[in-house]
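Data block below; observations after.
Since the structure is predicted, the reported quantities are computational estimates derived from the model, not experimental observations.
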Amino acid sequence: MKAELLKRFFRAIASSDQDAIDKLTYLVIEEERSKGHTLLADQLENITKKSQKEKPTNISKPASSIPENLQTLTELPTSKRFNLPLVTIIPRDHLRHHMVLSEKIEKRFCRIEREYAARDRLAHHGLRYRQKILLYGPPGCGKTLGAER
């Protein structure tokens with residue numbers, strides 16, 4: 001494979017340009033055939049045919065809004081009555097706003113958030129908002145997610 005073709009191929013992969021990737025794949029296969037590497041060309045052609053059969057066809061959201069590890073889904077489940085998606089993909093950076101907490105813990109977080117939002121008003125009255133908060137618990141209980149919130 002020539003260096004220029006290889007560079008074009010990598011640029012197409014980096015920019016996720018599927019049309020360019022398909023064209024360049026075809027060019028690579030034809031170039032290998034012209035060199036007499038028919039077995040390799042046939043193997044590459046079979047690989048591309050398999051990958052075209054396995055391409056996702058009906059994803060409810062645009063691929064840019066779906067995390068890469070979930071782009072392999074072929075179809076998101078939808079309700080039969082209204083044809084609305086039953087699954088919502090929430091990006092990790094927005095996950096902190098969707099925490100499911102007990103009412104007691106939720107009230108504590110809301111109090112801290114209200115104090116922080118009203119810090120100027122509290123300072124006007126000579127009061128300070130809580131600047132130091134200790135979060136404790138076993139690993140995976142949501143300490144970091146709560147701190148991000």
Side-chain angles (χ1 to χ4, degrees), residues 1-119 129-149:
M1 191 179 336
K2 294 181 181 177
E4 190 57 38
L5 183 62
L6 193 57
K7 288 179 200 174
R8 285 175 53 197
F9 203 38
F10 272 83
R11 281 189 208 109
I13 291 170
S15 66
S16 300
D17 185 1
Q18 192 59 44
D19 292 335
I21 293 172
D22 292 341
K23 289 176 186 175
L24 291 168
T25 304
Y26 177 75
L27 285 173
V28 169
I29 292 170
E30 291 306 311
E31 185 177 322
E32 292 302 320
R33 266 200 222 296
S34 68
K35 289 180 181 177
H37 303 151
T38 54
L39 182 62
L40 176 60
D42 290 340
Q43 289 173 342
L44 293 174
E45 200 168 39
N46 287 337
I47 291 170
T48 56
K49 284 179 184 177
K50 280 183 186 178
S51 69
Q52 287 175 351
K53 288 179 185 175
E54 296 171 357
K55 281 184 183 175
T57 55
N58 185 14
I59 294 181
S60 299
K61 289 189 169 192
S64 62
S65 67
I66 299 174
E68 283 188 33
N69 58 350
L70 295 179
Q71 285 185 4
T72 57
L73 292 175
T74 56
E75 188 175 324
L76 293 175
T78 58
S79 67
K80 291 181 181 177
R81 181 179 290 172
F82 300 111
N83 200 27
L84 295 173
L86 298 174
V87 177
T88 303
I89 297 174
I90 302 172
R92 175 120 176 103
D93 55 334
H94 293 108
L95 197 58
R96 68 182 75 91
H97 301 293
H98 297 279
M99 291 178 69
V100 179
L101 302 168
S102 67
E103 191 175 324
K104 180 180 171 184
I105 303 296
E106 183 67 35
K107 283 182 181 178
R108 289 180 180 176
F109 271 113
C110 286
R111 178 178 162 205
I112 293 166
E113 289 170 354
R114 278 194 318 269
E115 283 183 18
Y116 183 75
R119 62 187 178 274
Y129 65 99
R130 295 174 189 250
Q131 291 180 326
K132 296 178 183 173
I133 300 161
L134 175 64
L135 300 173
Y136 63 94
C141 72
K143 297 181 294 289
T144 304
L145 197 60
E148 287 177 1
R149 176 182 163 174

* Name the one of R114, R108, E113 that satisfies side-chain contact (heavy atoms from CB on, under 4.5 Å) with R111? ->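 Result for side-chain contact (heavy atoms from CB on, under 4.5 Å) with R111: R114.
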When rounded to the nearest 0.5 angstrom, what distance separates [atom1] in [X] from [atom2] in [Y]?
{"X": "L135", "Y": "F109", "atom1": "CG", "atom2": "CZ", "answer": "5.5 Å"}
{"X": "T48", "Y": "E45", "atom1": "OG1", "atom2": "CD", "answer": "6.0 Å"}
{"X": "L84", "Y": "T78", "atom1": "CG", "atom2": "OG1", "answer": "8.5 Å"}
{"X": "L40", "Y": "D42", "atom1": "CG", "atom2": "CG", "answer": "9.0 Å"}

Please table the atom pairs, donor to acceptor, closer than 3.5 Å between any side-chain atom in residues 7-15 and protein atoms at least two apart or in another chain.
unit_1 : atom_1 : unit_2 : atom_2 : d
S15    : OG     : R11    : O      : 3.1
S15    : OG     : A12    : O      : 3.3

* To do: Apply salt bridge (charged side-chain N to carboxylate O under 4.0 Å, His left out) to K23 and list each qualifying residue two or more places apart in sequence or on a separate chain.
  =>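 So K23 forms no salt bridge (charged side-chain N to carboxylate O under 4.0 Å, His left out) with any residue.
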* Crowding at NZ, K107 (>12 non-hydrogen neighbours, <6.0 Å) ->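 Not more than 12 within 6.0 Å, no.
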* Could you tell me whether Y26 atom OH has more than 12 heavy atoms of other residues or ligands within 6.0 Å of it? =>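 Check fails, neighbour count at 12 or below.
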* Would you name the heavy atoms of L44 and E32 that are closest together and state the gap between them? =>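 Heavy atoms only, the tightest pair is CD1-CG, 4.4 Å.
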* If you take all heavy atoms of R33 and T38, which pair is closest and at what distance? ->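 In terms of heavy atoms, the two residues are closest at NH1-O, 4.2 Å.
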* Under 3.5 Å, is there a donor-acceptor pair between the side chain of K143 and the main chain of L134? ->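 Looks like no, no N/O pair under 3.5 Å.
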